[in-house]
Participant: 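Below is the structure I would like to discuss, written out as structure tokens.
The structure presented is a predicted model; accordingly, all values stated were derived computationally and were not measured.
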Amino acid sequence: MARIEPDSILSHATPLQEGERLVAEFPADRQAYWRGHLILAVVLGVAAGLVLLWQGSAWPVMGPVGAVIAIGARAAFLASEALAEVWLLTDRRLLGPGGRAIPLARLHSARPFLGAVQITTTTGERHLIKYQADPAASANRLTGSRR
């Protein structure tokens with residue numbers, strides 16, 4: 001069973017209903033956040049370097065350097081906001097940031113998607129639980145909650 005922090009329940013935008021019981025918590029993982037941005041910086045750095053080579057630039061190394069600086073600055077700027085996102089699983093609903101509340105009966109699927117879990121509802125809505133340490137385990141926990 002996942003560790004449940006009282007502070008995350010109190011600060012969450014969607015309050016629990018009368019008699020609703022908290023089952024699990026899906027906080028953003030700091031390592032997954034930085035690993036995802038590192039991969040993004042490497043991929044975009046290689047692409048930027050190749051574009052500069054293709055254009056005949058005398059300094060193609062500036063593409064990877066610029067990509068690493070840009071992605072790193074963006075990651076540092078958004079880290080506090082992204083790492084504060086917590087999804088809560090109750091015995092009735094999945095509660096997400098921004099007031100999202102998905103009844104468990106409407107959960108159609110939960111699949112690992114890169115470092116996240118993609119939630120699809122029976123009405124076709126899609127949501128991402130981002131930066132999970134183990135996306136497959138989080139997806140399995142969510143699909144197991146429907147039973």
Side-chain angles (χ1 to χ4, degrees), residues 1-52 60-147:
M1 180 175 247
R3 186 179 62 131
I4 300 170
E5 299 291 334
D7 291 340
S8 66
I9 299 167
L10 296 175
S11 65
H12 208 270
T14 307
L16 297 180
Q17 296 173 342
E18 183 71 31
E20 191 171 21
R21 186 176 52 85
L22 191 60
V23 176
E25 179 177 347
F26 302 98
D29 181 66
R30 185 172 299 281
Q31 277 188 317
Y33 178 80
W34 288 107
R35 183 177 45 246
H37 282 83
L38 177 64
I39 292 168
L40 185 62
V42 168
V43 169
L44 292 179
V46 168
L50 290 174
V51 167
L52 289 175
V61 73
M62 298 318 308
V65 170
V68 168
I69 290 171
I71 299 298
R74 178 191 180 278
F77 182 74
L78 295 175
S80 62
E81 184 179 329
L83 294 172
E85 287 189 0
V86 178
W87 287 74
L88 302 175
L89 177 65
T90 72
D91 56 348
R92 300 178 194 167
R93 305 177 294 166
L94 178 62
L95 307 174
R100 295 181 194 125
I102 305 163
L104 293 183
R106 285 191 27 216
L107 282 180
H108 179 264
S109 67
R111 288 183 274 195
F113 179 72
L114 302 174
V117 177
Q118 181 186 28
I119 305 295
T120 306
T121 66
T122 55
T123 58
E125 298 171 11
R126 293 201 173 142
H127 305 274
L128 278 179
I129 301 177
K130 299 180 205 172
Y131 312 117
Q132 294 295 292
D134 187 355
S138 297
N140 287 337
R141 179 71 180 104
L142 287 165
T143 55
S145 68
R146 292 184 301 179
R147 296 183 195 116

Participant: Minimum heavy-atom separation for P112 to A136, with atom names?
Facilitator: CG-CA, 3.7 Å

Participant: Do L128 and Q118 have side-chain heavy atoms sitting under 4.5 Å apart?
Facilitator: yes

Participant: Considering only heavy atoms from C-beta outward, does the side chain of D29 approach that of Q132 to under 4.5 Å?
Facilitator: no

Participant: Over all heavy atoms of both residues, which pair between A105 and T122 is shortest? Give the atoms and the distance, please.
Facilitator: O-CG2, 4.2 Å

Participant: Please report the closest heavy-atom contact between D91 and L104, naming both atoms and the distance.
Facilitator: O-CD1, 3.6 Å

Participant: When rounded to the nearest 0.5 angstrom, what distance separates CD1 in I119 from CZ in R100?
Facilitator: 11.0 Å

Participant: So T121 and H108, side-chain contact (heavy atoms from CB on, under 4.5 Å) or not? Walk me through it.
Facilitator: CA-CA 5 Å; T121 66; H108 179 264; 5.6 Å; no

Participant: What distance do H127 atom NE2 and L94 atom CG have between them, rounded to the nearest 0.5 Å?
Facilitator: 8.0 Å

Participant: Can you list the steps and then say if L114 with I39 is a side-chain contact (heavy atoms from CB on, under 4.5 Å)?
Facilitator: CA-CA 11 Å; L114 302 174; I39 292 168; over 6 Å; no

Participant: Could you state the interatomic distance from CG (L22) to CG (L89), rounded to the nearest 0.5 Å?
Facilitator: 7.5 Å

Participant: Can you give me the closest heavy-atom contact between Y33 and A82, atom names plus distance?
Facilitator: CE1-CB, 3.6 Å

Participant: Got a second to check how far R92's CZ is from L16's CG, nearest 0.5 Å?
Facilitator: 9.0 Å

Participant: Of all heavy-atom pairs between G115 and P135, which one has the smallest distance, and what is that distance?
Facilitator: C-CG, 3.8 Å

Participant: Starting from the C-alpha separation in whole Å, work towards a yes-or-no answer on side-chain contact (heavy atoms from CB on, under 4.5 Å) for F26 and V117.
Facilitator: CA-CA 10 Å; F26 302 98; V117 177; over 6 Å; no

Participant: Just wondering, more than 12 heavy atoms not from F113 lying within 6.0 Å of its CZ?
Facilitator: no

Participant: Under the criterion side chain to side chain contact (heavy atoms under 4.5 Å, CB included), which of H37, R35, R30, Q31 is the partner of Y131?
Facilitator: H37

Participant: Just jot down the salt bridge (charged side-chain N to carboxylate O under 4.0 Å, His left out) partners of E85, sequence neighbours excluded, or say none.
Facilitator: none

